[in-house]
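Structure first, commentary second.
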Protein chains: 2
Amino acid sequence: MSITIKDVAKHAGVSIATVSRIVNNQPGFGKKTKEKVLKSIEELGYTPNAIARGLVGRETRTIGVLLPKVSGLFASKLLEGIETTARKEGYSVFVCHTDSKEDRSIQDLQVLKEKQVDGMIYASDQLSLAQGQLLEAMTCPIVFVSTQSLTHPFPYVKVDDYQAAYDGTSYLLTKGHEQIAFIGGEQDDLIAGKPRDKGFRQAMKDHGMPINEALMVYGDFRFQSGKKGLRQLLAAKTPFSAVFASSDEMAVGVLSEAYDKGISVPKDLAVLGYDNTMAAEMAIPPLTTIAQPLDDMGKQAVTLLLTIRENRGKAISNIEAEHEIVERKTVLLRKNTKGLFY
Amino acid sequence: MSITIKDVAKHAGVSIATVSRIVNNQPGFGKKTKEKVLKSIEELGYTPNAIARGLVGRETRTIGVLLPKVSGLFASKLLEGIETTARKEGYSVFVCHTDSKEDRSIQDLQVLKEKQVDGMIYASDQLSLAQGQLLEAMTCPIVFVSTQSLTHPFPYVKVDDYQAAYDGTSYLLTKGHEQIAFIGGEQDDLIAGKPRDKGFRQAMKDHGMPINEALMVYGDFRFQSGKKGLRQLLAAKTPFSAVFASSDEMAVGVLSEAYDKGISVPKDLAVLGYDNTMAAEMAIPPLTTIAQPLDDMGKQAVTLLLTIRENRGKAISNIEAEHEIVERKTVLLRKNTKGLFY
DNA sequence: CTGTTAGCGCATTCAT
DNA sequence: ATGAATGCGCTAACAG
């Protein structure tokens, strides 16, 4: 049995109300009583019970985070930003990794609701119908990070993927590359996949470059699919001097595959990534990539969440996070890179 | 206001006790009543309040995890193992990233206690005195993963770092390398740092190799300190043909620095890592490393935690996780690697 | 300034 | 098989 407020009250010879006031720093007690009580708390080693508090106060100072995957540089960076900010604001965070499984995410939603979280951050994939309904039925505020819902108006914080891909492509074009291969995310991913694909195509078009469908391949954002992507590209026997991968992991995958094949980056081939996770920094050569401010996005997400919570308003104010190109070593001016020709 | 058991009871025309029994599958209700109640629950969209349950039932089905850092492949892999197993057992997990700061970890411990977690998994660094005392005072079971306490008898699951380092060194020796450089963790880290250092030294000694202190440098397990490590080694102007880094991140750091310096791995230099995180797989060239079964260790940790909890026994049964060497591309037979000579 | 009381939502006796 | 009542630990009126 743990030691409760009652024990403290008895020990200090006061009522529990007084102890409660002192613990919560509410007005209404004398200096001497305070000392007495504080001493009792100290002596008994009293710790308030947050569960009991949560029951009466109807707030748990807890938020739930749904991630498709918690290992992986992308999600963990995001999580770190979330956790850091949440702690600063006095909140704890439940992590749920849905593994992109709908049933798991539904179970998570259920559990988080039962545990009375004060808010939820959804960083998982696209919403299914069932998930959307569950989310709608939630009484706590919810914000999306690095994703959004096309069908439900939940506030989100994310970069403009279309624009970022557009800018990245333009960057490559600016560097003189004309035959650019693209490795995208899943094609049916309307949030992180499609917009980047579109941004790429539009930039090419605006610069008067034709799109060669043989140079458009798709993966799942993971390392292995980047390797596979380059293999497919190579098999297409179509010339290209640069590849734009939709994630750093995939970009590193092409670096790895290029290494296996004896293709030198950036001399033979330019590579551009997306995310700017630690993988980009650690890559050989260090990867030029489009940065998403992941930790800041995590921070923004909880800030937004708490703001909504305070205002009790469903104030749908989305936040566009800024992307930027961080230049490292994998993209050279076209004239310095040979390109892959057949 | 959310909908409670009382609402269900009223709607179904029964008492809350009956509803409670049905929800918790306890004996004592008729088939017809059950249907009635279930229907009401369905119609009203009732969700039990885990906070209230926690208050009366004195268990929250929640565990707390303390990590020094949540981004980073090492911790996130561990976390994934923990979360997956916890969920399977019906538990949720609070993540706290202590950032290796003592005050933060103390704050976390405090919060987790207030939130009445059923157990804690400590994967942070060494314990300070204050932390140790706090942990001792905790009423819930605690297990350590990938670390341990020399001063407090908490059960742990970890690999035998000494032995793993010994084996890794022997492996390098077996490959014909004789001048081996070592990049360790912080020297005052008695858990993850010192034992590996010792294992390395002992293996060298047992094989009749002298230790050259100029070839022993120390970092903080992170990428940048690996880069710096190689720089220091190079500055020492002492020949060596292999380096054994105490973490994959550091090993990749040496790969990166070697690349910058035009040193070819594995032709000029062999590199051995430690952990087998995704960084090893993604490295160029793919990194030969000593694997810690991180996800399994996470799993074991929660299993151990729950076992202790059920037995109410402080049964201190530690678990030694198995390490193994996974050979990739960074270590060649000595005769095939030139080595760095001055 | 301080004590008394009434719940918060639920599981659990103890009756019936 | 079911209901009424008690209390988990705490905060928030409401009295003094």
Side-chain angles (χ1 to χ4, degrees), chain A residues 1-38 40-41 44-62 90 110-111 113-118 139-140, chain B residues 1-38 40-41 44-62 110-118 139-140:
Chain A
M1 202 44 166
S2 211
I3 159 136
T4 80
I5 198 175
K6 222 182 286 182
D7 302 313
V8 177
K10 197 177 303 170
H11 183 104
V14 299
S15 75
I16 62 169
T18 299
V19 177
S20 176
R21 288 189 191 102
I22 292 175
V23 169
N24 297 303
N25 236 316
Q26 301 222 334
F29 51 82
K31 196 171 189 309
K32 294 204 58 171
T33 355
K34 175 171 181 179
E35 279 170 20
K36 227 177 10 180
V37 171
L38 253 26
S40 294
I41 288 178
L44 299 179
Y46 167 71
T47 303
N49 182 327
I51 296 298
R53 276 181 169 170
L55 186 55
V56 40
R58 62 142 102 302
E59 80 160 12
T60 53
R61 297 201 81 80
T62 290
Q110 185 65 26
V111 171
K113 182 175 181 190
E114 291 186 8
K115 298 217 168 149
Q116 314 292 123
V117 296
D118 294 334
T139 48
C140 66
Chain B
M1 205 45 170
S2 210
I3 164 141
T4 79
I5 198 175
K6 220 181 288 184
D7 302 314
V8 176
K10 199 177 300 170
H11 183 103
V14 297
S15 74
I16 63 169
T18 299
V19 177
S20 176
R21 288 189 189 101
I22 292 175
V23 169
N24 297 301
N25 237 316
Q26 302 227 331
F29 53 80
K31 198 172 187 311
K32 294 204 58 170
T33 353
K34 175 170 181 178
E35 279 170 20
K36 227 179 8 181
V37 170
L38 252 26
S40 295
I41 288 178
L44 300 180
Y46 166 70
T47 303
N49 182 326
I51 296 297
R53 276 181 167 172
L55 186 55
V56 41
R58 65 147 97 300
E59 80 159 13
T60 54
R61 298 201 81 81
T62 290
Q110 185 65 26
V111 171
L112 290 177
K113 183 176 180 189
E114 290 186 9
K115 298 217 167 148
Q116 313 292 121
V117 296
D118 294 334
T139 48
C140 66

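Only a predicted model underlies this, so the values are computations on that prediction, with no experimental measurement involved. Just so we're on the same page: letters track the sequence lines, and every chain starts at 1.
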Less than 3.5 Å apart, which donor and acceptor atoms pair up between the side chains of residues 23-31 of chain B and the rest of the protein, not counting sequence neighbours?
unit_1: B:Asn24; atom_1: OD1; unit_2: B:Arg53; atom_2: NH2; d: 3.2
unit_1: B:Asn24; atom_1: ND2; unit_2: B:Ser20; atom_2: O; d: 2.9
unit_1: B:Asn24; atom_1: ND2; unit_2: B:Ser20; atom_2: OG; d: 3.4

Approximate separation, where rounding is to 0.5 Å, of A:Gln116 CD and A:Thr139 OG1: 7.0 Å
Just jot down the side chain to side chain donor-acceptor pair (under 3.5 Å) partners of [X], sequence neighbours excluded, or say none.
X        : result
A:Lys115 : B:Thr62, B:Ser92
A:Arg21  : none
A:Thr33  : none

Shortest non-hydrogen separation from A:Gly54 to B:Ile51 and the atoms involved: C-CG2, 4.0 Å
Contact under 4.0 Å: B:Ser20 side-chain N or O vs C:dA11 OP1/OP2: yes
Side-chain N,O (A:Asn49) to OP1/OP2 (D:dC10) below 4.0 Å: no
Produce the list of close N/O pairs, under 3.5 Å, pairing protein atoms with atoms of nucleotides 2-6 of chain C; give distances to one decimal.
unit_1: C:dT2; atom_1: OP1; unit_2: A:Thr33; atom_2: OG1; d: 2.9
unit_1: C:dT2; atom_1: OP2; unit_2: A:Gly30; atom_2: N; d: 2.5
unit_1: C:dT2; atom_1: OP2; unit_2: A:Thr33; atom_2: OG1; d: 2.6
unit_1: C:dG3; atom_1: OP2; unit_2: A:Ser15; atom_2: N; d: 3.0
unit_1: C:dG3; atom_1: OP2; unit_2: A:Ser15; atom_2: OG; d: 3.2
unit_1: C:dG3; atom_1: OP2; unit_2: A:Thr18; atom_2: OG1; d: 2.8
unit_1: C:dG3; atom_1: O6; unit_2: A:Arg21; atom_2: NH2; d: 2.2

With sequence neighbours excluded, residues passing salt bridge (charged side-chain N to carboxylate O under 4.0 Å, His left out) with A:Asp118: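 If we apply the salt bridge (charged side-chain N to carboxylate O under 4.0 Å, His left out) test to A:Asp118, skipping adjacent residues, the hits are A:Arg309.
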Check the distance between [N]'s [atom2] and [X]'s [atom1] and give it to me in whole angstrom.
X       : N      : atom1 : atom2 : value
A:Ile5  : D:dC8  : CD1   : P     : 13 Å
A:Leu55 : D:dG7  : CG    : P     : 17 Å
B:Lys6  : D:dA5  : NZ    : P     : 13 Å
B:Arg53 : C:dT12 : CZ    : C1'   : 14 Å
B:Glu59 : C:dC10 : CD    : P     : 16 Å
A:Tyr46 : D:dC10 : OH    : C1'   : 7 Å
A:Gln26 : D:dC14 : CD    : P     : 15 Å
B:Arg58 : C:dT12 : CZ    : P     : 11 Å

Terminal helix-axis angle for the helix from C:dC1-D:dG16 to C:dT16-D:dA1, with five pairs defining each axis and rounding to 10 degrees: 40°
May I have the list of side-chain donor-acceptor pairs in residues 8-18 of chain A shorter than 3.5 Å, sequence neighbours left out?
unit_1: A:His11; atom_1: NE2; unit_2: A:Glu43; atom_2: OE1; d: 3.2
unit_1: A:Ser15; atom_1: OG; unit_2: A:Ala17; atom_2: N; d: 3.4
unit_1: A:Ser15; atom_1: OG; unit_2: A:Thr18; atom_2: N; d: 3.4
unit_1: A:Ser15; atom_1: OG; unit_2: A:Thr18; atom_2: OG1; d: 3.3

Min side-chain heavy-atom separation A:Thr4-A:Asn49 under 4.5 Å: no
